[in-house]
Amino acid sequence: MRVLYWFRRDLRIRDNKALIEAASKADKVAAVFVIDPEVLRDRKMNFDDPRFIFLLDALRNLGSKMRLHVLYDKTREAFEHLLGRYRFDAIYTASPLSWHEDALVQEIKDVCRRSGVRLIEIIDNLLADQSSLGSPINFTMFYRKWRRLVNAETAGEVPPDNFVEIDEPDLNELCKRNGWRIPEERIWRADWYSHRLQSFSYKKYAATKDYPYLDGTSKLSPYISLGIVSVREVFNRAVRFSEEFVRQLAWREFYYHLKRRYPYMRDLELNPRRRGIMWENDKYLISAFKEGKTGYPIVDAGIKQLKAEKWIHNRVRLIVANFLVKDLLVDWRIGEEFFKEHLIDYDEVLNVGNWQWSASVGVDPLPIRIFNPVRQAEKYDPLCLYVKRYIPELTDHECERIHDPIRHRIRGYYEPIVDHNEQIKKFREMVSQVKESSTHH
Ligand SMILES: Cc1cc2nc3c(=O)[nH]c(=O)nc-3n(C[C@H](O)[C@H](O)[C@H](O)COP(=O)(O)OP(=O)(O)OC[C@H]3O[C@@H](n4cnc5c(N)ncnc54)[C@H](O)[C@@H]3O)c2cc1C
């Protein structure tokens, strides 16, 4: 049997169930990854973007362990080319998890069908079998059920000589052809996870995870997102030390569970009473937010971290997302898109789910959560270490003044673009209007 393996977001040979299944069906497997210019465009990714370099780095590491071919083409055209040129009996790939991948895999399935080739999807990259989860609708119920279903048994590694070469480029060739480069100095290194997995202090996680000035979260999200590390490996490493950490892995699967149950949540609020809010979407406020010039230093620092590192600490993601939606009265979909264009750990389902949660339009059992950016900054960045790291021009200012820009104007810094308390009143009003109209109809 001649098998082609299609890598997407499972860039590893260790504990890769779909790859192992493919290798068990054939003596030799040809393996490809397709860099799709449409995906790069959709995520506004240039060739010198840390996210693109991270992807190349991950492909280079994978390619050093096996024969990996990399194509730079629209995915559909790449497969039409491959299926026209070689004879495969089947294509194996991991089951898609996001909407974007669902559509892509469906498209390639059609291409395969026309060529008489089977496309076989293997479920992986999850700790619990989604089909056994039933239909819990809040996280607490989900977590209880999910925890009992976790199966973190790892699956070994496919030996490198199981892979066969075909007449297609490898990453090296592609880099030469297109002038792509992986610079020695880079923020995210694709092999860093193995060190981090061992050295991260899971024991302290519950105490440190909310403080953005500390190195208190694992920073494994970019690796989990591209499947460079398997979630089972992460779970096995963490479970002895921190149930709180395991809970975070459960959040990841909770959002996939919601997506499976409510596929429309990509564009529509999960909470029917929060649909049709008349967002203000003020262009001036949106651009001040995107440029990190809101006058609320904790928000601006978050945007600066996002742009510089392509990653933000979770606490600050919550603060900026709440601020955009509830203080600036901007549609959460605009925030979701903005994160999509920057995050190195971008995951369509987690991003949509978390934006909905932050906007109080998702499945959060609390009616409306308000994050006061001043109180949040005081509590989670009490010495302004985080803010000053990303906004060095505030170094000499007193922390108390930095935290509360409404009460203390900061000389030489942007004036606050809105007043938190006034805006929250407006937000509540906007939401209550929807409630009224939905009860009338
Ligand atoms: C508005 C908003 C948008 C987000 N968008 C994304 C996204 O596109 N991609 C993404 O991976 N995460 C997203 N998150 C979730 C979370 O912020 C990141 O997963 C986390 O900050 C990654 O850092 P870490 O690996 O150090 O996390 P840790 O605290 O070390 O957690 C370990 C792992 O658990 C998972 N996890 C943690 N928190 C969450 C959560 N709230 N939801 C789902 N999974 C979680 C991640 O896989 C993470 O790597 C978003 C959160 C918010 C509030």
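Counting starts at 1 for both ligands and their atoms, following the listed order. Remember, predicted model here, so these are calculated numbers, not experimental data.
Considering only residues two or more places apart in sequence or on other chains, F163 meets the ring-ring contact (aromatic ring centres under 6.0 Å, His included) condition with none of them.
Figure legend: cation-pi geometry between R237 and Y202 absent, as NZ or CZ is not positioned both under 6.0 Å from the six-membered ring centre and within 45° of its axis.
Summary of contacts: the protein heavy atom closest to atom 17 (O) of ligand 1 is N314 OD1, 2.7 Å. Among protein heavy atoms, the minimum distance from atom 23 (O) of ligand 1 is reached at W311 CZ2, 3.4 Å. In this structure, the protein non-hydrogen atom closest to atom 30 (O) of ligand 1 is S218 OG, 2.6 Å. Residue, atom and distance of the protein heavy atom nearest to atom 15 (C) of ligand 1 are N354 ND2, 3.6 Å. Looking at atom 13 (C) of ligand 1, its nearest protein heavy atom turns out to be R317 NH1, 3.3 Å. At the shortest separation from atom 33 (C) of ligand 1 among protein heavy atoms lies L249 CD2, 3.9 Å. The protein heavy-atom contact nearest to atom 5 (N) of ligand 1 is N351 OD1, 3.0 Å. Nearest protein neighbour of atom 48 (C) of ligand 1, counting heavy atoms only, is S221 CB, 4.2 Å.
Annotation for ligand 1: atoms under 4.0 Å from non-hydrogen atoms of Y346 are 8 (O). Below 4.0 Å from some heavy atom of I224 lie the following atoms of ligand 1, by number and element: 47 (O), 49 (O). Residue F245 has at least one heavy-atom neighbour below 4.0 Å for each of these atoms of ligand 1: 30 (O), 32 (C). Of all atoms in ligand 1, numbered sequentially from 1 with element shown, those under 4.0 Å from a heavy atom of L318 are 53 (C). Distances below 4.0 Å separate heavy atoms of F339 from the following atoms of ligand 1: 1 (C), 2 (C), 3 (C). Below 4.0 Å from some heavy atom of R252 lie the following atoms of ligand 1, by number and element: 43 (C), 44 (N), 47 (O).
The stretch residues 363-386 participates, sequence neighbours left out, in these ring pair (Phe, Tyr, Trp, His ring centres under 6.0 Å) pairs: Y211-Y380, Y386-Y390.
With a heavy-atom cut-off of 4.0 Å, L343 touches ligand 1 through its side chain alone. Using a 4.0 Å cut-off between heavy atoms, Y255 contacts ligand 1 through its side chain alone, with no backbone atom that close. Proximity of Y205 to ligand 1, defined as any heavy-atom pair under 4.0 Å, is confined to the side chain (atoms from C-beta onward).
Residues F54 and Y223 place their aromatic rings such that the two centres sit under 6.0 Å apart. For W180 and Y72, the ring centers sit closer than 6.0 Å to each other.
If you check the side chains of D331 and N281, you find no donor sitting under 3.5 Å from an acceptor. Defined by atom type and a distance below 3.5 Å, a donor-acceptor pair is present between the side-chain atoms of T93 and R8. For the 3.5 Å distance criterion, the side chains of Q423 and K426 qualify, holding a donor opposite an acceptor. Using modelled atom types and a 3.5 Å distance limit, the side chains of Q376 and R315 yield a donor-acceptor pair.
Below 30°, between 30° and 60°, or above 60°: for F254 and W251 the angle between ring planes is above 60°, a perpendicular geometry. Between W188 and W192, the angle of the ring planes goes over 60°, which puts this pair in the perpendicular group of the 30/60° scheme. Between F47 and F52, the ring-plane angle classifies as tilted under the 30° and 60° cut-offs.
The residue among E336, Q248, E253 with a heavy atom at the shortest distance from atom 36 (N) of ligand 1 is Q248.
At a 4.0 Å cut-off, at least one heavy atom of K219 sits close enough to ligand 1 to count as contact.
Closer than 4.0 Å to atom 7 (C) of ligand 1 lies at least one heavy atom of the protein.
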